[in-house]
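The structure under discussion appears below in the form of structure tokens.
Note that the structure is a prediction, hence the values are computed from the model and not measured. Protein chains get the first letters and strands the later ones, always in sequence-line order, with residue 1 at the start of each. Computed from heavy atoms alone, side chains included, the values below leave out hydrogens, waters and symmetry copies.
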Amino acid sequence: MSEERSLNFIEEIIENDLNSGKYKTLVTRFPPEPNGYLHIGHAKAICLNFGLTQKYGGYTNLRFDDTNPVTEKTEYVDSQQEDIKWLGFQWKNELYTSDYFDTLYDFAVKLIQNNLAYVDHNTAEEIAAQKGTPTESGVDSQYRNRSIEENLDLFTRMKNGEFEDGACTLRAKIDMSSPNMLMRDPIVYRIKHAEHHRTGNKWCIYPMYDFAHGQSDSIEEITHSICTLEYVSHRELYDWFIEKLEIFPSHQYEFARLNLTYTVMSKRKLLQLVNEGVVSGWDDPRMPTISGLRRRGYTPESIREFCERIGIAKRENLIELSLLEFCIREHLNKTANRVMAVTDPIKMVITNYPADQEEILVGENNPEAEDKGGYREIPFSNELWIEREDFMEEPAKKWFRLAPGAMVRLKHAYIVKCEDFVKDADGNVTEIHCSYIPESKSGEDTSGIHVKGTIHWVSKAHAKTAEIRVYDRLFSVESPDNEEGDFKDYLNPNSIEVIKNAYIEPYLANADVNSKYQFIRKGYYCFDKESTSDNLIFNRTVGLKDAWAKGNK
RNA sequence: UUUCCUGUGGUGCAAUGGUAGCACGUCUGAUUUUGGUUCAGAAGAUUGUGGUUCGAGUCCAUGCAGGAAAACCA
């Protein structure tokens, strides 16, 4: 089996670098800022960075990019680690940019000593005004030509806490007329009298992203520093610092971030959904977070497969949600046990089956699995719950299910024929009366009767009640980010439907948290952590494809 | 209007000067004790114009379109 897959552009660069001897081993890193939960977009970056070193050898570091103490928290550090491990990856070293604060400080001093940085006492507004615009060049700060000695003294005093927040900054001395705005004397250190989640109150000055990220890569001897497209224009600065500091030459490569239809991906917006209670938390099953997908019933395998299928390139993209759904169906189809649950029950009475009789049927758990996934017992009796939508008083064309006089098979059980039905005063069907064919028992059918339809059911006397949470997309438009007005105007009002009285097989009564099932003919469901012994909760991960429903829209 | 990045079926990714292919989605049909799965098949694409070449999605020029860049965020 030689499955020839073409390389993406990053793999090509890596193979060239390895073949030419530019680097002996590959070292990558995954560098989240601990200011939120990881989402499916991060999963793309995780699979890329860890996947590359799995493929080519070498290793991947986990580095928390914690240079902004006011937004970062240990809670996020913990959840991010859990999510990466759950996805199936293991980092070589657990590192923090804050580990390098001393080194970074020395780097800044070196820049000053080489007349490549200065302390600026302008305000943020003044600096912005002097910066120019993309089409007009900027002007030099009046502090740009301070002496090296004065800059060294001022920077020391910044570190020592002699200035208030915002009083001054350290800036790299590059070129105020560069066409690249980031090269117009970027700020490299700012004053923040804030407690850091790891260094506490040791520092009151913190490096900016641009003065931390590349240097951290270099310190760790990262060979290929992979990030998303919005950092393309930062690369010139990234290289400039490495060159001027004369440190290990890491290189930055950029790929296009993931966008998914019907979802938002920005951490800011996700945080807003959590804070405003639009969702129940970071792990709400409707969230595109790793923890949300996990709770929804997605498996690590399915997410990795998804990341493999979407590919890596440099053009903006908008992946259809249907691909993610395909990946989870594909995995669960092979692995989830198939059981019966009735979500919108209506009573069926089998008129020729003795009321005092019951029998135990045996059902295979998963015909796709090698050993059929094992077998389970399913109780059967004369009163069942079936799905309301499986009966039509006046059958449509090509209707294979129940209707007056029609026959269907009860999955794992007998063929039944609809003899009659009962309606209440409002015209709602309340009961369906059938006769069963004793010789048609599953596995030992001698009736010779063939039916087109098979429906699922649960024995009324043996059924357990369950709560089913049916989730749908969180937004009702493909690209909420690109619509007029606020993205929250486009929330899908039907993103969750809670069914309180569904009936499930007794087999399901002792499900484990997070265990996954196919409810036959309905979809894939996952046992939720909020369940209690008298309130079993299942989250719908994704529905089964439904050719009938599609054709009848 | 400056600089940079990107333009291939509905969507995403390939084709590295030589027959435009794969997957999801869509639509048929077969099979089926899940209207699921599986299987077979179909429709559907190179941003325009010039040029180089025996030959261009690919190279060159020039339009056009989309995105990014002016946080003491990352």
Can you find a side chain N or O atom of [X] that sits less than 4.0 Å from OP1 or OP2 on [N]?
X	N	result
A/Arg190	B/A74	yes
A/Lys452	B/U32	no
A/Lys192	B/C73	yes
A/Lys267	B/C73	no
A/Ser233	B/C5	no
A/Lys545	B/G35	no
A/Arg184	B/A69	no

- Message: Applying a 4.0 Å non-hydrogen cut-off, can you work out what A/Ser137 is touching in the nucleic acid: base, sugar-phosphate, or nothing?
- Response: nothing
- Indicate, with a heavy-atom threshold strictly under 4.0 Å, whether A/Gly443 touches base, sugar-phosphate, or nothing. base
Picking from [options], which would you name as closest to the side chain of [X]?
X	options	value
A/Asn333	B/C13, B/A70, B/U37	B/U37
A/Ser442	B/U26, B/U33, B/G35	B/U33
A/Asn68	B/G35, B/C73, B/C27	B/C73
A/Trp399	B/A70, B/G35, B/A74	B/G35

Does the separation of the ring centres of [X] and [Y] fall below 6.0 angstrom?
X	Y	answer
A/Phe380	A/Tyr414	yes
A/Phe163	A/His121	yes
A/Tyr105	A/Phe155	yes
A/Phe475	A/Tyr262	no
A/Tyr238	A/Phe211	no
A/His196	A/Phe101	yes

- Query: On the ring face of A/Tyr525, is A/Lys516 found with NZ or CZ under 6.0 Å from the centre and within 45° of the axis?
  - Reply: no
Every protein N/O within reach of nucleotides 39-41 of chain B N/O, cut-off under 3.5 Å:
none

- Item | Backbone of A/Tyr96 reached by a side-chain donor or acceptor of A/Asp99 within 3.5 Å | yes
- Message: Nearest whole Å is fine: how far is B/A68 P from A/Glu230 CD?
- Response: 10 Å
Return the polar atom pairs (N/O with N/O) between nucleotides 6-10 of chain B and the protein under 3.5 Å, or none.
residue, atom, partner, partner atom, Å
B/U8, O4, A/Arg315, NH2, 3.4
B/G10, N2, A/Glu320, OE1, 3.0

- Show your reasoning for whether salt bridge (Lys or Arg N to Asp or Glu O under 4.0 Å) applies to A/Asp120 and A/Arg171. CA-CA 7 Å; A/Asp120 193 326; A/Arg171 289 230 258 167; 3.1 Å; yes
- Partner nucleotide of B/C64 by Watson-Crick or wobble geometry (both distances under 3.5 Å): B/G7
